[in-house]
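In what follows, a structure is listed as structure tokens, so that the remarks can point back to it.
Chain naming here is simple, since letters A, B, ... match the order of the sequence lines and numbering starts at 1 in each.
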Amino acid sequence: MLETRPNFDRPDESYALLIKAHEGLSEAESHAMNARLILILMNQIGDHAVIAEALALARNVRAAT
Amino acid sequence: MRTPVTERYPLAFRLYPYVKSPDQTAVTPIRHKVVVAGGGPVGLATALDLGLRGVPVLVCDDQEGVGLGSRAICFAKRTLEICDRLGAGVSMLAKGVQWNIGKVFHDNRLLYEFNLLPEDGHAFPAFINLQQPLFEKFLHEAIVKAQSQGAPIEIRGSNRIDAVVRHEDHVTIDVMTPDGPYVLEADWLVACDGARSPIRSMLGHGFDGRVFEDNFLIADVKMKANFPTERWFWFEPHFKSGDSALLHKQPDDIWRIDFQLGWNIDRQKELKPENIRARVSAMLGPDVDYELDWCSIYTFQCRRMEKFRNGPVLFAGDSAHQVSPFGARGANSGMQDADNLGWKLALVVQGLAPDTLLDSYDSERVYGADENIANSTRATDFITPKSAISKLFRDAVLQLAETVPFARTVVNSGRLSMPCTYDGSPLNGPDVASFPARTRPGSPCPDAPIGADWLLRLLGGNFTLLAIDADVPTTFSACGIPLSVLSVSGRDNKALGERYLGNATSAVYLIRPDQHVAARFEHFDEEVVAAAVGRAIAKDVVDA
């Protein structure tokens, strides 16, 4: 089941790292990096049902409660 | 209009020259049990299976043999097992090229290589490469041998089916020959007449699906070059031929090269030998000597008929379904159609099973076709992404695959054909959940060595009661069908134990004539097993 409650170890630091990782990249390079990152994180999750839930939430975040 | 019978394509082998049949001068049309339309791999296999079961079968083909051109070249283990049951597997294996290593390139970089790592304890390898004309010739040789032993198979060359009229329990068929037209009747018609199936059109059936806007150039080249016997696949190859390319070895020093060319091309121009040679030379390098053997441009679609059975007419192979070439799922799935249909049609013709058994041919093979279409569509979408974002992710996968192992599992240059497991089939009987999942009801039996022989050879083509260290009677009949009984031991047989017993010490399997598991039990119980046989031949309509 997808974790929607807070699960970050260090939320501010992780978010800052994400933004920093994109520094100096062109928009195309950033998109490519994001694509790689999504694939890496999907593999980390592994569970197909959780991935499906995450995709559904991302696609339609307003419909989620 | 009655056009004469013409040779539509050059032949590799003239196997069944036209001979005038007495049917052509009969006053009233002769009624046949089964007519098979088309003498391709699926038609020949269907005829051979029926003939070996003693069912009279007539094949009508508008040509007199096997067409030129390698076409299908990758034949999977399950296909070889089916052909072995039909008497053609050994010669195919002897002639075919075996391969295990595949390499995947992006541009000029090797991303990774894989090994099919064939599991031990099977009579046949995971794949062989063999030109389609040779595959068909071996099937035809098995037919000739079966005929000499009394199998009631007849093949009529230059017999073109021009019209089919469907009646409730038979069809009327107009046939054209070099001596003019005649009329036949058949209780059953099996349409194995290919992707452009004239019979499908004559009966007005749809054939819907997805068209892929792409052209593929096949170039078969003959060369004695020192390339290894491996499957090489390129995404966006450095030799700039298009989105993908494939190099694969066939027998007799022939190599299959597949170039994906894209949609807006000039076919005539691309087929000019000098243009083909330019592409091939760019791929192989400047110092490689070769000659062009056979070339063709094709497009493909992923689609199927809504139903593979329409009353007395059954569709099998490309006439019923079409897939992209990625994964070798065309001819291999057609052979599974023939395998699934042969025994069912035989039992119906022999009056041993109700004709509703043929509805399970429809449901099981539609299930198989959907699996093949899903797999080959996914491969196609990976190889040729259909949107900018799809391309972005595809390229990200390829980039990661070079260094990060997980990404290699997502790279899709075709998921190679595996036999279908008929989960949820109405023919499936009781299961024992603790037995291995791979041999659950609906599964094709995995092979295993039995002494100096092989399990699938011993199973043959009848309903079989397979007892593994279990007590069963030496003879057993149910629903008027005598079963073969095969008693074997799983002790000191690792492959058999792993595949059929798991942690159990004994088991009883009911195996269908197409070597799929119908049901399995902890112990033999006459009533329970007889009920499972009934279910497997569609006789228990009440709870089906």
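Atom-to-atom distance recorded for A/Met42:CE and B/Phe393:CZ is 8.0 Å, nearest 0.5 angstrom. With rounding to the nearest 0.5 angstrom, the CD atom of B/Gln399 is 10.5 Å from the CG atom of A/Leu39.
Within a 6.0 Å radius of CG in B/Asn503, other residues, nucleotides and ligands contribute 12 heavy atoms or fewer. Residue A/Glu3 qualifies as enclosed at atom CD: its count of foreign heavy atoms under 6.0 Å is above 12. Other residues, nucleotides and ligands place more than 12 heavy atoms under 6.0 Å from the CD atom of A/Glu13. Crowding of A/Tyr15 atom OH: a count of heavy atoms from other residues, nucleotides or ligands under 6.0 Å not exceeding 12. Other residues, nucleotides and ligands contribute over 12 non-hydrogen atoms within 6.0 Å of the NZ atom of B/Lys386.
Proximity to chain A (any heavy atom under 4.5 Å) is shown, for B/Val397, by both the backbone and the side chain. Both the backbone and the side chain of B/Leu392 come within less than 4.5 Å of a heavy atom in chain A. Contacts of A/Ile38 with chain B are made by side-chain atoms alone, with heavy-atom separations under 4.5 Å and no backbone atom involved.
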